[in-house]
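Note sheet for the following structure.
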Amino acid sequence: MTDYKPQELDKKWQKRWTDSRAFEVATDPARPKFYCLEMFAYPSGHAHVGHVRNYIIGDVMARTKRMRGFNVLHPFGWDAFGLPAENAAIKTGTHPETSTLGNIAHMKGQLQRLGISYAWDREIATCLPDYYKFNQWIFLKMLERGLAYRKRSTVNWCPVDNTVLANEQVVDGACWRCGTIVERRDLEQWFFRITQYADELLEGLETLTDWPEKVVVMQRNWIGRSEGARVTFPVAGPVAGAPAGIEIFTTRIDTIYGATFVILAPEHPIVEKFAAESPDPAAFRAKNAKFRALDRGARLTGAIDKEGFDTGRTAINPFTGKEVPIWIANFVLAEYGTGAIMAVPAHDERDFEFARKYSLPIRIVVISRGRESESPSPSAATTNYGRLVNSGPWDGQEAPAVITKMIADAEKRNIGKGEIQYRLKDWGISRQRYWGTPIPVIHCAKDGVVAVPYADLPVELPKVATFTGRGDSPLAQVPEWVNVTCPKCGGPARRETDTMDTFVDSSWYFLRFCDPANNVLPFDPEDAAYWMAVDFYSGGVEHAILHLLYSRFFTRVLRDVGLVKFDEPFTRLLTQGMVLKNGAVMSKSKGNVVDPDDMLQKYGADALRLYTMFVAPPEKEVEWSDAGLEGSFRFLVRMWRIVDHWAASVASHQPPATLGALTDSERALRRKTHDTIRRVTADIEERMHLNTAVSSLMELVNELYTFSDGTAHGQPTRGEGSAPRASAETSATLAVVREALEALVVMVSPFAPHTAEELWAMLGHAEGLAKTGWPSFDAEVAKADEVVVPVQINGKVRARVTAAAGASEDRLRELALADPAVKAHTEGKTIRKVVVAKGPLVSVVVS
RNA sequence: GCGGAAGUGGCGGAACGGCAGACGCGCUAGCCUCAGGAGCUAGUUGGAGCAAUCCAGUGGGGGUUCAAAUCCCCCCUUCCGCACCA
């Protein structure tokens, strides 16, 4: 027998693939395309098996689709800007570019050693000027369209990373990257107006039928659209000498007759005016300051007690005309709605709790269906819609219908209007760091903010030699870079020293892959029209909101710019599960990282690939197991042996044109072969159940062993090698075996490409698998001659009868009732019903 | 609190109203071996039985159905996401 030496096969076939440019592709409108993409990688240094699992999932898809006749784009690249490299530079002095490019080289080697079939010609790295030039290009387009703008605002500041974070990047009040509790700072920042696309991004979610429901829900919640009304409560008496009003936002205008007080966020602008006019301004401010601090600090870490105080002022409820007190409370958010609410304690749990605590009036205005008895002091808020009471002219009407009418009434009386609020905020993209894309604008004393002309792109990062880690922008410390002349007036000016959030880089990289060398445009619209959208996209669920929402936003912006014609970039999304070791996510700090290279040395790339696909469905989390890996290795050896065992005989044998008289076992093997083709194809392409695809292939191998046992060839270990022995077998046998082996080798090749290529050659094929088609399923062959039909009696299987494959229902019923075991169970009882179900299966009801 | 997903042998997991536990790991026995941490064969949900076979069984409780791991209702547990969003 030929020895199975996977490490040698890995090298041999990887070299052939590279030399023959097997996975490079070109735009070809004559052929159907398939764009298969895995989320590109941050070049942290080493990929562990958790990362690698995702690349293998994509590779199985890409390799399968190639053999299924598609022109497959399967590229890879590097999300190469980012803080870790810069932080490392501060510590070690190594320039981020040096460490990043080094890491890329290492990780690329790792992926190549795994035999992932990437079109490496299209490799991109976002830290290279030829890529980030187009971050700047897109930024300028957005600036022109008013989608990029600058404003002073309170932002999330991470004191460890020394930079601003977008709302999406703050998790539980802490930095998503380093876990530090974020601070608030007022800074002049660049924003992308993603809120302009809020409704579109929300509606687009409906079309994402091949995305995990979970991700769609997360995005929907994040966008957080709520329909309601903005209503003005006039303040009783003048404020700072003039009449004033407090605007509140509510989704429940139907409860407005129950609004017995108004609450302001501590940050609300009118608060300071109230303070100034209060009897003791200093005490007022001190109280409020306490809430501001408490609000910020405590809200981040968890539940806080609702606290507040009376401003001493009152407002007029514009519907009841009554005066209501104005309070300030820590649970009202300045950044949502108008920063002020009408409090309806009877019908809002938070307001109820607050009213109870401070003995504020509670007024019931909604009666839920079926609860006609209204108690004067309710024990809890009732938040359901219902029939209005104590609501003047609106009494007896029901929400939600009455809400529309009340909004219309408010509009007519000019005291309010219908409004839609979003939780989604504009995306702050300024970062006070070095290792990112320079924002391509120039600040001129005369002309203000001036865009860098397109012709001057890219604005390259200056070579900074030392990294201090001080909190100001590192770029500001390079005067020869900062000081420029204004493109408009030629006078002295300064460059913008902030860089872009790295999520900008990843928001359009999938488009760049369509045309990665273009130096005029981010990509050619025709190439994008051919390749996009991404047909299959896989990556971690941690990007469910950030990257995936930003990419959907960018795609729409580029659509409006005229570069693409579609809305959604990713047709089908798979969120792959993480690989755990000892119950924990792999990480360097925990010391539980499994390096793929160690596994390759021991078992070769294919065993690792096969194992990670077999262990569980792709979207499930899995626990790493060395034993499991070994099991997959054993399967490869077992497959190797059975192919090797028959190869010489089968390869020299031309299959007859027709497969005439076959023995029962030969027919059974063909059936198994075709049934396996059907199952594996559906498992990979439709269901993405890669684990069961592998199981089916294992079953086919088991079947081949059993079949061999009944032939002159015998089983591999009992036979003595792979010398041709065609004389001992009928040509029908060889043809059937050949069909099975070839189907097996082709279908296993997405999982174990190196082994498969070698076996394919062993079977006598000069052309590699890249040029091979997927086996086709023959329903005729897969059809069984005979079927075993289970017979249920009162729901329990009591017998099995054998029937011809196409037997009629009547025949099946007859056979079932004639069976001795069935008779024994029905004896002395009355047969009430006999059901013949597809399957087939016979179900008998007796009593 | 709200939303989502899930709960099946010793373990990873199969089974998208029709034979529960495919496939693999582990374990047991046999064969083959100088040897076996290799390979091959057989067995492996629990209980009863020499056996054929029978009983129970998919987190718990109800329901729909000839038939439920699967569909519906209630409850429990776990994981994930959001979390005072007015």
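Sequence lines set the chain letters: A, B, ... in the order given, protein chains first and strands last, and positions in each chain run from 1. Here the structure is a predicted model, which means the values were calculated and not measured.
For a distance-only test at 3.5 Å, the side chain of Lys306(A) qualifies as a donor-acceptor partner of the base of C84(B). Interface remark: the Gln792(A) side chain does form a donor-acceptor pair with the G18(B) base, using a distance-only criterion of under 3.5 Å.
With both ends at atom P, the span from C74(B) to C25(B) equals 43 Å, rounded to whole Å. Rounded to whole Å, the P atom of U53(B) lies 15 Å from the corresponding atom of A20(B). Across the C1' atoms, G7(B) and A52(B) are found 36 Å apart, a figure rounded to whole Å.
Regarding contacts with the backbone of A67(B), every side-chain N or O of Lys833(A) stays at 4.0 angstrom or more from both OP1 and OP2. Between Asn794(A) and A67(B) there is no side-chain polar atom (N or O) within less than 4.0 angstrom of OP1 or OP2. The side chain of Arg798(A) contributes no N or O atom lying less than 4.0 Å from OP1 or OP2 of U53(B). Regarding contacts with the backbone of C23(B), every side-chain N or O of Thr692(A) stays at 4.0 angstrom or more from both OP1 and OP2. OP1 or OP2 of A15(B) lies within a sub-4.0 Å distance of a side-chain N or O belonging to His689(A). Contact annotation: Arg634(A) does not reach the phosphate of C40(B) (side-chain N/O to OP1 or OP2, under 4.0 Å). Of the side-chain N and O atoms in Asn702(A), none sit less than 4.0 angstrom from OP1 or OP2 of A22(B). Put simply, Lys620(A) has a side-chain N or O that comes within less than 4.0 Å of OP1 or OP2 on G13(B). In terms of phosphate contacts, Arg638(A) brings a side-chain nitrogen or oxygen within less than 4.0 Å of OP1 or OP2 of C40(B). Applying the 4.0 Å criterion to OP1 and OP2 of A83(B), one finds that Arg423(A) has a side-chain N or O inside that range.
Listed candidates were G13(B), C84(B), G24(B). Nearest to the side chain of Ala616(A) is G13(B). Comparing G12(B), G3(B), C23(B) by their closest approach to the side chain of Glu699(A) singles out C23(B). Here the side chain of Pro617(A) is nearest to one of C23(B), C84(B), G13(B), namely G13(B). Distances were taken from every side-chain heavy atom of Lys796(A) (C-beta onward) to each of C54(B), C23(B), A56(B); the shortest belongs to A56(B). Looking at the side chain of His825(A), the nearest of the listed nucleotides C54(B), G4(B), A86(B) is C54(B).
Summarising the geometry, the separation between CD on Glu267(A) and P on A86(B) is reported as 18 Å, rounded to the nearest angstrom. Atom CD in Glu213(A) sits about 13 Å away from atom C1' in G81(B), given to the nearest Å. Rounded to whole Å, atom P of G39(B) lies 14 Å from atom OH of Tyr4(A). As a whole-Å value, the separation of Glu630(A) CD from G37(B) P is 13 Å.
Between Phe633(A) and Tyr4(A), the ring planes are tilted. Angles from 30° to 60° get that label.
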Watson-Crick and G-U pairing of RNA chain B written in dot-bracket, each distance under 3.5 angstrom, with | for inter-strand partners = (((((((..(((.....[....)))((((((.......))))))((((....))))..(((((..]....))))))))))))....

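Counting only heavy atoms from C-beta outward, the side chains of Arg552(A) and Leu205(A) approach each other to under 4.5 Å. Using a 4.5 Å heavy-atom threshold, the side chains of Glu349(A) and Glu353(A) count as separate.
Using a 4.0 Å cut-off between charged side-chain N and carboxylate O, Lys838(A) and Glu809(A) make no salt bridge.
No side-chain donor-acceptor contact under 3.5 Å links Arg356(A) to the backbone of Asp351(A).
Nucleic acid contact class of Val835(A) (heavy atoms, under 4.0 Å, all strands): base.
Centroid-to-centroid, the aromatic rings of Trp427(A) and Tyr550(A) come within less than 6.0 Å.
Side-chain atoms of Thr260(A) and Arg363(A) form no donor-acceptor pair, as typed in the model, at a separation below 3.5 Å.
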